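The block underneath contains the structure these notes are about, expressed in structure tokens.
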Amino acid sequence: MSDTHADRREPFAPDAPLDLGRAGDTLLDGARGMSSGRAARTLTPGAHGPFMQTLVALRAGVRLGEHVSNGPATIQLLRGAATLNSEEG
């Protein structure tokens, strides 16, 4: 693992309910140690599931730049505040 990006991992398919608060805290601890100020973990109901879910943690003041998402997306903010900009097209 570098201090910029975490090692790539396979999507995480829990066999029991996931405590999002605890998982978010763990990711935020990781984000604090990254020079990018962010960390993420892909969650999915199974490999190549129809709806991929990604848990993302950002240090205060860090921006997640524009990126392409193939398919639907939802956002659930667990803590803090966020601004989302979206452009149709």
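Excluded from the calculations below are hydrogen atoms, water molecules and symmetry mates; all remaining heavy atoms, backbone and side chain alike, are included. Note that this is a predicted model, so its numbers are computed, not measured.
In terms of heavy-atom proximity, R63 sits nearest to R38 at O-NH1, 4.1 Å. Taking all atoms of both residues into account, the shortest heavy-atom contact from A57 to A31 is O-CB, 3.8 Å.
For R79, the side-chain contact (heavy atoms from CB on, under 4.5 Å) partners two or more places apart in sequence, or in a different chain, are D25, L28. Contacts of E66 classified as side-chain contact (heavy atoms from CB on, under 4.5 Å), with partners at least two apart in sequence or in another chain: none. Every side-chain contact (heavy atoms from CB on, under 4.5 Å) that L78 has, sequence neighbours left out, goes to L20, L55, Q76. Listed by chain and number, the residues in a side chain to side chain donor-acceptor pair (under 3.5 Å) with D19 amount to none (sequence neighbours excluded). Every residue was checked against the salt bridge (charged side-chain N to carboxylate O under 4.0 Å, His left out) condition with R59, not counting sequence neighbours, and none meets it.
As a member of the Ile/Leu/Val/Met/Phe/Trp/Tyr network built from side-chain separations under 4.5 Å, L84 groups with I75.
The hydrophobic cluster containing L27 does not contain L58, counting ILVMFWY residues as joined when their side-chain heavy atoms lie under 4.5 angstrom apart, directly or transitively.
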